[in-house]
Peer 1: 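First the structure, then my questions, so here it is.
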Amino acid sequence: MEGPISPQFVADSIAKHQSKVNIGAHAIFLGQIRADEKEDGFVTGIEYSAYEEMAEQAFHAIREDAFSKFDLTCMHIYHSLGLVPTGEVSLFVFVSSAHRRAAFEASEYIVDEIKTKVPIFGKELVGPAGAYVWKENN
Amino acid sequence: MEGPISPQFVADSIAKHQSKVNIGAHAIFLGQIRADEKEDGFVTGIEYSAYEEMAEQAFHAIREDAFSKFDLTCMHIYHSLGLVPTGEVSLFVFVSSAHRRAAFEASEYIVDEIKTKVPIFGKELVGPAGAYVWKENN
Amino acid sequence: MGINILYFGMLAEISGQANEIWTINDGLSVGDLKKLILEKYPAMGEKKFKVAVNQQIADDQTFVSTQSEVALLPPFAGG
Amino acid sequence: MGINILYFGMLAEISGQANEIWTINDGLSVGDLKKLILEKYPAMGEKKFKVAVNQQIADDQTFVSTQSEVALLPPFAGG
C-alpha cells in the first residue's frame with residue numbers, strides 16, 4: 001500500500017475478525033520506522049520501492065507456506081511503498097488462530113521470511129539536507 | 001477494564017507510540033472469545049471476575065519480570081472484567097522494542113505468564129438457557 | 001478471633017458468599033484451615049483450588065494469623 | 001536480440017535507469033551476464049546484489065534467453 005499504515009487501518013482489520021468466532025488468538029506485528037542516527041544525522045523516514053510483481057509472488061509463497069506450517073484461521077500482510085516517515089508503520093502482519101501458540105509462531109516466522117525473501121528496497125532519508133543511505137536487512 | 005477491549009482502543013494505543021522514534025517493532029496479542037461447543041450449546045460469552053488486588057500485584061510482577069528479561073521500550077497489558085461476548089477481545093498485550101526479536105519473545109512470555117499467574121476467573125456462558133461452565137486454563 | 005476468607009468463582013457459588021469471617025485458633029496452618037473448610041463445604045473437595053495468604057500463593061505449611069487475608073482460588077482463566 | 005534488464009534501488013542509481021534493453025547472444029549464463037554488466041557499470045562491483053530471472057532468484061549457472069526478464073536486486077530492506 002502507498003505510504004504509512006495507519007492505526008485506524010489496524011483497528012478496521014481487527015474489527016473485521018470479530019465475526020469469526022473460531023478465532024481465539026490474534027498476533028499482530030507492526031514494523032515502525034526508527035530515528036536511527038547515521039553519519040549525516042537522524043533518519044527522518046524511509047522511501048520504499050519494490051520489484052512489485054516478484055514481491056507479490058514472494059508474499060503469496062510466504063502465505064501458502066505459513067498456512068501449511070501453522071494451524072491458522074486468517075493471515076494478512078501489508079507493506080508500505082513510497083515514503084514512510086519516522087514513527088509511522090511500514091509493515092503490518094496479522095495472523096489469527098484458534099489457539100495462541102500457532103499465532104505466535106506464525107507471526108515471527110512470517111516477519112523473518114518477509115525480511116529475507118521479498119524484494120523491497122528502502123532508502124533511509126537522513127537529516128535535513130537530503131542525505132540518504134540504502135537500508136539493508138541482516 | 002470493564003467489558004470488551006475495542007479495536008479503537010488498540011488503534012489509540014498504537015497511535016500514542018508513534019512519537020517514540022526509538023521503537024522499531026510492536027508485537028500485539030489479542031485474546032478473542034471463541035464460540036466453543038459445550039454440552040449445552042455454544043459459548044456466547046465469558047463473564048470475568050478477579051481477585052483484583054492480587055491480580056494487580058501479579059500484573060505488576062509480570063511487568064517487572066518482562067522488563068528485566070527482554071530489551072523492551074514499552075509494555076501495556078489490559079484484561080477485561082465483566083461480560084465479554086463471543087468474537088470480542090478480552091486480553092490485549094502490547095510490547096514495543098527497538099528490534100523485533102525482543103518484542104516477539106516478550107509477547108509470548110507475558111501471555112503465558114498471565115494465563116498461569118493472574119487470579120482471573122471466567123464463567124463461559126453456554127447456549128440460550130442460562131447454562132454455564134467455569135473456564136480453566138491449562 | 002476472626003479471619004477473613006475470600007471465595008472466588010465456583011468456590012463462591014459453593015459457599016454462597018464472596019467472603020466469610022471465620023473464628024480460628026492461633027498457630028493454624030493452611031493445611032489445617034483447608035481441612036476445616038472442606039468439613040464445612042464438602043463440595044469443595046471435588047474442586048481444584050489454591051490458597052492465597054495475603055495475596056501470595058501459599059503451601060499447606062504456611063501459618064495464618066487473624067491479620068491474614070486468606071483467599072480460595074479456583075483455576076485461573078485469564079486470557 | 002534484446003533482453004530486458006531491470007535495476008532496483010542503489011543499482012538503478014548507478015545505471016541511471018530503471019531498465020535497459022541489452023543485446024545478447026543465445027546461451028548466455030547469469031554468470032556471463034554479470035561480467036558484462038560489471039564491465040559496463042564497474043561501480044556495481046562494490047555492491048552486493050542478487051539476480052532474478054523471471055522473478056526467481058537465479059545462480060550463476062542459470063541460462064537466460066531473450067524471453068527472460070532479468071532483475072538486479074540489491075539487499076532487501078522490507079519490514
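Chain naming here is simple, since letters A, B, ... match the order of the sequence lines and numbering starts at 1 in each. Since the structure is predicted, the reported quantities are computational estimates derived from the model, not experimental observations.
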Peer 1: So do W134(B) and P74(C) actually touch side chain to side chain, heavy atoms under 4.5 Å?
Peer 2: no
Peer 1: Give, as side chain, backbone, both or neither, the part of I120(B) having an atom under 4.5 angstrom from any heavy atom of chain C.
Peer 2: both
Peer 1: Are any non-hydrogen side-chain atoms of Q57(B) and Q56(C) less than 4.5 angstrom apart?
Peer 2: yes
Peer 1: What part of E136(B) gets closer than 4.5 Å to chain C, counting heavy atoms only: side chain, backbone, both or neither?
Peer 2: both
Peer 1: Measure across G122(B) and A77(C) and return the closest heavy-atom pair with its distance rounded to 0.1 Å.
Peer 2: N-CB, 3.5 Å
Peer 1: Under the side chain to side chain contact (heavy atoms under 4.5 Å, CB included) criterion, do M10(C) and V133(B) qualify, and how do the steps go?
Peer 2: CA-CA 9 Å; M10(C) 64 184 77; V133(B) 292; over 6 Å; no
Peer 1: With a 4.5 angstrom heavy-atom cut-off, could you sort out which part of S80(B) is near chain C: side chain, backbone, both or neither?
Peer 2: neither
Peer 1: Side chains of E53(B) and Q55(C) only: does a donor on one sit below 3.5 Å from an acceptor on the other?
Peer 2: no
Peer 1: For residues S90(B) and G79(C), report the shortest heavy-atom separation together with the two atoms involved.
Peer 2: OG-O, 3.2 Å
Peer 1: Just wondering, are more than 12 heavy atoms of other shown residues or ligands nearer than 6.0 Å to NZ in K48(C)?
Peer 2: no
Peer 1: Tell me, yes or no, whether the heavy-atom count around K50(C) atom NZ, taken from other residues, nucleotides or ligands under 6.0 Å, exceeds 12.
Peer 2: no
Peer 1: Please classify the contact between V111(B) and chain C as side chain, backbone, both or neither, with a heavy-atom cut-off of under 4.5 Å.
Peer 2: neither
Peer 1: Can you tell me how far apart CE (M54(B)) and CG (L6(C)) are? Round to the nearest 0.5 Å.
Peer 2: 11.0 Å
Peer 1: For the NE2 atom on H76(B), are there more than 12 heavy atoms of other groups (residues, nucleotides or ligands in this structure) within a distance under 6.0 Å?
Peer 2: yes
Peer 1: Can you name the closest pair of heavy atoms from G78(C) and N137(B) and give their distance?
Peer 2: O-ND2, 2.8 Å
Peer 1: Can you tell me which of K123(B), Q32(B), E47(B), K117(B) forms the most heavy-atom pairs within a distance under 4.5 Å of chain C?
Peer 2: K117(B)
Peer 1: Flag the one option from F92(B), F29(B), Y51(B) with the top tally of heavy-atom pairs under 4.5 Å to chain C.
Peer 2: Y51(B)
Peer 1: Counting only heavy atoms not in D71(B), do more than 12 sit closer than 6.0 Å to its CG atom?
Peer 2: no
Peer 1: Heavy-atom distance under 4.5 Å to chain C: side chain of A58(B), backbone, both or neither?
Peer 2: neither
Peer 1: Against chain C, work out which of P119(B), A55(B), S49(B) has the most heavy-atom pairs shorter than 4.5 Å and name it.
Peer 2: P119(B)
Peer 1: At what distance, to the nearest 0.5 angstrom, does NZ of K135(B) lie from CZ of F76(C)?
Peer 2: 12.5 Å
Peer 1: Is it the side chain or the backbone of Y132(B) that comes within 4.5 Å of chain C heavy atoms, both, or neither?
Peer 2: side chain
